[in-house]
Participant: 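Here you go, one structure.
Letters go in sequence order (proteins before strands), and every chain restarts at 1.
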Protein chains: 2
Amino acid sequence: MELNERKERILEVIIRSYIDTAEPVGSRTVAKQFKQSISAATIRNEMSDLEDMGFLVQPHTSAGRIPTQKAYRYYVDSIMKVKQLEEVLKRDIHEGYLKVAGDLEDIMTYTTNLLSDLTKYASVVLSPKVTWANCKHLQIIPVFKERVLVVVVTTEGFVENIELNLSKELTIQDSLRLSNIINSLLGGLHASEINHNLIDELANVTLEEKVLLREIVIGVQEALFEHHSQVMSTGVTNLLDYPEFADTDRVRHLVKVSQKKNILAEALIGDHYSEVLRITIGDENKGEELKELSLITTTYELQDNIIGAIGVIGPTRMQYDHVSSMLEYIRHEINQNLLKILLD
Amino acid sequence: MELNERKERILEVIIRSYIDTAEPVGSRTVAKQFKQSISAATIRNEMSDLEDMGFLVQPHTSAGRIPTQKAYRYYVDSIMKVKQLEEVLKRDIHEGYLKVAGDLEDIMTYTTNLLSDLTKYASVVLSPKVTWANCKHLQIIPVFKERVLVVVVTTEGFVENIELNLSKELTIQDSLRLSNIINSLLGGLHASEINHNLIDELANVTLEEKVLLREIVIGVQEALFEHHSQVMSTGVTNLLDYPEFADTDRVRHLVKVSQKKNILAEALIGDHYSEVLRITIGDENKGEELKELSLITTTYELQDNIIGAIGVIGPTRMQYDHVSSMLEYIRHEINQNLLKILLD
DNA sequence: TGTTAGCACTCAACGCAAAAGAGTGCTAAT
DNA sequence: ATTAGCACTCTTTTGCGTTGAGTGCTAACA
């Protein structure tokens, strides 16, 4: 749906104002922004049109108008421009990353806090998922009786712990030998090539060891498959400060959402087609729980593979432009930092 | 401060009623509980006395009275009796633990949920802290360049990961050899005996290896020292249902507290003198943030060492007796389960 | 002397109506 | 097509009497 220029400008003013104040916007307020070049009455007519077109609604007859989700969508698609972050801010952020560089977990926590601090909304960060396909090295450590700990290290240098119960208790020697067998396989082959049959055909390995190896490989594969990447989130308390979350029911709902890591993870994963930034507004969100919120997400990469995502959750009247710039830059910083870890 | 029997009974009725309803209690309400054996007027006199003594306050002249923190303290110390949990409930809880037995993390999450579900308050669980003193086995795994992962396994079968940056990159062989050296030390000595000097005096170890060993031991010790035990918490949303948290400011405050894991951890650790249960009411809490809440905590043990704590956070008008019974029994269950893991 | 009935008094809470205020839609003039 | 003017609508605020729960005091009573 295309709008003529004046309608578009009016819509923009209304959206901007509503994002700022959370108050319905009246024709006079809009007129003031136009410095008397158009009268309030004209704007009233235009606003009435915009309402008919589904861009605005009135909470009640004698109130101003507020933007609909359709309006936000139009704003995000056609009006808003994502600016570069100011240099000062960029520098500050960059310096922050310098301090945490090197440690993946630190980068992730720093990012989570940074996002919620700078945007004043809630932030979600999905840390890289360790997958069997990237497995480079593996270490088996006996913990207690038949229980062992398998530590998986990926080619990117990420680490994951998996606890398994085997059919037999291992000595330290056993565990070293088994680790060695798997690691020498990993040295020559790609992890995905290691399977059931391959283990059966190994030479110089007793039948008992084969059983254990199979238990371990399958156990690890299953665990990694089921294991979600870590979801970190902060800043729900930021959201509580906005008037739309003034009543207790909304708060309760919000707190519950923030605790359901899986909902957040799902929302963050979504489909990232070609665009870098993905913005979903209110109902556009998959989860029922996020219908009254907006989400802006982006991904981060290592060697052209998407390995995680970061995002910001806010009210539908979110500062889309500002948050977008922020995410774009922070995504860039993360990519740089991950690369640095890899090449260091 | 001692109260005569009648005052004590009146105070008890008022506290019970206020815990139930969160409404100020009037003389007539109390009189009804006494089945006309005392008149409302007499109770009014007694209540006036109790107010002078600091056990009751009036929100305003024409309202009933509500208990002060002093009253709750008196109730907890001198009136309340901690009953045994009903058998049915005990059985349910026990069966729940059977399902998660074996995995420490599962036990902890189950406990957290159980506590908040049963009490309808918020629960906090401090999982066992891995300390150097209990270190039984240790495994060094190269991750990337100079970065290594050290996996620590304690005598209790708990596991902790520590990432360190060493001064030199290790090969897999190096890391195995270094792990072996430390593990053979751990085999003969108690972990606390391993220090700087001991490493210097080792035979059959090159100077370079000694440097690395020192880096590792010190790095692990520092990391374990700084590493807090994990804090888990649920059920803040439960608290939002109570009328005392109806206004938004309180809610915001509450949500913020629940997110500050360190405050919760500190509150849980506290000083557990001789008593099993520790009850702190309102102002008695250390943190400024908990001044309007009450806390009941208890510890759990393994082989006579306190290794963690569990607790419930609620409004000051908390069901002290009920929560106490609950905690007492759950503590018992945890102890049993940990012992089972150890002996399994 | 301790207990109780009775009564005047206090004060939050509730309901209701009037007033204020913000904003619209319509009409008629430009 | 634009605009000024105005009646109309509906929320919000304010003020005010009413209600009701609960107290404290006094005087009578056991």
Participant: OP1 or OP2 of dT26(D) versus the side-chain N and O atoms of Arg44(B): is any pair under 4.0 Å?
Facilitator: no
Participant: Within this structure, what is the CD-to-C1' distance between Glu51(A) and dG25(C), rounded to whole angstrom?
Facilitator: 11 Å
Participant: Within the structure provided, determine whether Tyr75(A) and Leu11(A) are in side-chain contact (heavy-atom separation under 4.5 Å).
Facilitator: no
Participant: Starting at atom CG of Asp49(A), determine the distance to atom P of dT2(D), rounded to an integer number of angstrom.
Facilitator: 11 Å
Participant: Tell me which nucleotide among dA21(D), dT4(C), dT3(D) gets nearest to the side chain of Thr42(B).
Facilitator: dT4(C)
Participant: Round to the nearest Å and state the distance from Asn45(A) atom CG to dA28(C) atom C1'.
Facilitator: 14 Å
Participant: So, does Ser27(A) get its side chain near the phosphate of dT24(C), meaning an N or O under 4.0 Å from OP1 or OP2?
Facilitator: yes
Participant: So what does Ala41(B) hit on the nucleic acid, given a heavy-atom distance under 4.0 Å: a base, only sugar-phosphate, or nothing?
Facilitator: base
Participant: Counting only heavy atoms not in Glu292(A) (residues, nucleotides, ligands), do more than 12 fall under 6.0 Å from its CD?
Facilitator: no
Participant: Would you please confirm or rule out a distance under 4.0 Å between OP1 or OP2 of dT24(C) and any side-chain N or O of Ser48(A)?
Facilitator: no
Participant: Among Leu295(A), Val231(A), Ile310(A), which one satisfies side chain to side chain contact (heavy atoms under 4.5 Å, CB included) with Leu268(A)?
Facilitator: Leu295(A)
Participant: What is the distance from CD1 of Ile43(A) to P of dA4(D), rounded to the nearest Å?
Facilitator: 11 Å
Participant: Check every atom of dT24(C), dT23(D), dC10(D) against the side chain of Met47(B) and return the nucleotide holding the closest atom.
Facilitator: dT23(D)
Participant: Atom CG of Leu50(A) and atom P of dG25(C): how far apart are they, to the nearest Å?
Facilitator: 12 Å
Participant: Can you find a donor-acceptor N/O pair under 3.5 angstrom joining the side chain of Arg28(B) to the base of dG20(D)?
Facilitator: no
Participant: For a quick test of reading the model: is some side-chain N or O of Thr61(A) closer than 4.0 Å to OP1 or OP2 of dC10(D)?
Facilitator: yes
Participant: Phosphate oxygens OP1/OP2 of dT2(D): is one of them under 4.0 Å from a side-chain N or O of Ser39(A)?
Facilitator: no
Participant: In this structure, are over 12 heavy atoms from other groups packed under 6.0 Å from Lys83(B) atom NZ?
Facilitator: no
Participant: Which comes earlier along DNA chain C counting from the 5' end, the contact point of Gly26(A) or that of Ser37(B), where each point is its nearest nucleotide?
Facilitator: Ser37(B)
Participant: Counting side-chain heavy atoms from CB outward, which of dC11(C), dT3(D), dG25(C) is closest to Gln58(A)?
Facilitator: dG25(C)
Participant: Separation of Ile10(B) atom CD1 from dT23(D) atom P, in whole Å?
Facilitator: 12 Å
Participant: Quick one: which of Lys7(A), Arg65(A), Arg44(A), Arg6(A) gives a salt bridge (Lys or Arg N to Asp or Glu O under 4.0 Å) with Asp49(A)?
Facilitator: Lys7(A)
Participant: Examine dA1(D): is either OP1 or OP2 under 4.0 Å from a nitrogen or oxygen in the side chain of Arg6(A)? Give yes or no.
Facilitator: no
Participant: Expressed in angstrom and rounded to an integer, what is the separation of Asn4(A) atom CG from dA1(D) atom C1'?
Facilitator: 13 Å
Participant: Is the number of heavy atoms from other residues, nucleotides or ligands within 6.0 Å of CZ (Arg9(A)) greater than 12?
Facilitator: no
Participant: May I have the distance from Ile66(B) (atom CD1) to dG22(D) (atom C1'), rounded to whole angstrom?
Facilitator: 15 Å
Participant: Considering only side-chain heavy atoms of Ser62(A), which listed nucleotide, dT3(D), dT10(C), dG21(C), is closest?
Facilitator: dG21(C)
